[in-house]
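This report concerns only the one structure given below.
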Amino acid sequence: MIKSFKLNDGVEIPGIGLGTWQSSKEDAYNATLSALKNGYRLIDTALAYQNEDAVGKAIKDSLIPREEIFVTTKLPAQYKSYDEAIKYANESLANLGLDYIDLYLIHAPWPWSEVGKDCEKENIEVWKAFIDLKKEGKVRSIGVSNFRPSNIKNIVDATGVVPSVNQIRFFIGNTQEEVTKYCQDNNILVEAYSPLGTGEILNASELDNVAKKYNKSKAQICIRYCIERNTLPLPKSVHEERIIANLDVDFKIDQGDIDYLSTLTIGSRRPLRS
Ligand code: A2P
């Protein structure tokens, strides 16, 4: 059993989840159903992934009580006003067919078409909407994604409300140490999207010896590495056998091996969209 985390607002979140970025509706439906059947209790989606309805249907069809499942979705990065945040949160709720979202994230500090643009003023407005959505009970916890420390400080200074989560691209060879340290020092849970480097790092021969030593696949080493670093991995797969294997990571990697894995520079560091 993978240990859950307690967020800074007291909400409990499972320690690993299924990612659904780049999953078609059909794949997202089957993967979510299969994940839930095999013990996952956290599903991560986004309005931008265009599969919320499929995820929601799989949750219903799983027949698992709603309160046992933790659902994360995200406000598309291009919507940067208070009203849009409320409007699209309601749209996500309708797509998912749910009364509440467990964790709602600002997908990025800037629109994907204008990466790096200064949207600090706008992010404050969006964050105020998130605070209100939480007050209303439409979402249980609120957070951000792809935020730098300066983006986080901006919304915290303006509102006094610290995000519970920052979901970032985190995998062996791309651990964004500055962001990770800032979040962990400030009790903001780091969620690792693309913990397998979108599959790319599974070819890295640098992982061969560690995988052999623990008698695990390279994917399992990558996922366990995230857990050992106190981050919450969100591996994506649409294949049942991989979905099952990716959850089978209840083993320990020695600190020496974690230190070795932390020195690697494998996989591409370009800021990919999640
Ligand atoms: P697929 O969905 O066809 O199984 P990330 O989680 O870093 O974004 O990586 C997702 C990519 O890694 C997808 O291409 C996925 O393919 C692949 N993948 C997921 N789990 C495994 C696994 N256990 N072994 C090999 N490839 C995997």
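In what follows, every heavy atom counts, from backbone to side chain, and hydrogens, waters and symmetry copies are set aside.
A distance-only check finds a donor-acceptor pair linking the side chain of Gln176 to the backbone of Arg169 [under 3.5 Å]. Panel note: side chain Ser145, backbone Gln167; a donor-acceptor pair is recorded below 3.5 Å.
In Lys213, the NZ atom is crowded: over 12 heavy atoms of neighbouring residues, nucleotides or ligands sit closer than 6.0 Å.
The closest side-chain heavy-atom distance from Ile86 to Leu133 is below 4.5 Å. Phe171 places none of its side-chain heavy atoms less than 4.5 Å from the side chain of Pro233. At least one side-chain heavy atom of Ile69 sits less than 4.5 Å from a side-chain heavy atom of Val71. Counting only heavy atoms from C-beta outward, the side chains of Leu207 and Leu261 approach each other to under 4.5 Å.
Using a 4.0 Å cut-off between a side-chain N of Lys or Arg and a carboxylate O of Asp or Glu, Asp53 and Lys57 do not qualify as a salt bridge.
With no hydrogens or angles considered, no side-chain donor-acceptor pair links Glu52 and Thr45 at under 3.5 Å. No side-chain donor-acceptor contact under 3.5 Å links Asn51 and Tyr29.
Between Tyr104 and Phe130, the ring planes are parallel. Angles under 30° get that label, and only those over 60° would be called perpendicular.
A distance of 11.0 Å separates CZ in Phe170 from SG in Cys183, rounded to the nearest 0.5 Å. For the atom pair CD1 (Ile142) and CG (Leu105), the distance works out to 10.0 Å, reported to the nearest 0.5 Å.
What you find for Ile155 and Thr159 is that their closest heavy atoms are O-OG1, 2.7 Å. Of all the heavy atoms in Lys236 and Val238, the pair that sits closest is CE-CG1, 3.9 Å. When all heavy atoms of Val179 and Phe147 are compared, the pair lying nearest together is CG1-O, 3.6 Å. The two atoms that bring Asn230 and Gln184 nearest to each other are O-NE2, 3.3 Å, heavy atoms only. Residues Glu84 and Leu75 come closest through the heavy atom pair O-CD1, 4.1 Å. Annotation for Ala58 and Leu33: closest pair O-CD1, 3.4 Å, computed over non-hydrogen atoms.
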**Message:** If you apply the rule side chain to side chain contact (heavy atoms under 4.5 Å, CB included), what do you find for Ile13 with Lys6, and how did you get there?
**Reply:** CA-CA 6 Å; Ile13 183 170; Lys6 193 171 250 189; over 6 Å; no
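For residues 149-159, there are no salt bridge (Lys or Arg N to Asp or Glu O under 4.0 Å) pairs, not counting sequence neighbours.
Tyr79 meets the ring-ring contact (aromatic ring centres under 6.0 Å, His included) test with Tyr88; sequence neighbours excluded.
A cation-pi contact, defined as under 6.0 Å to the ring centre and within 45° of the axis, is absent between Arg148 and Tyr182.
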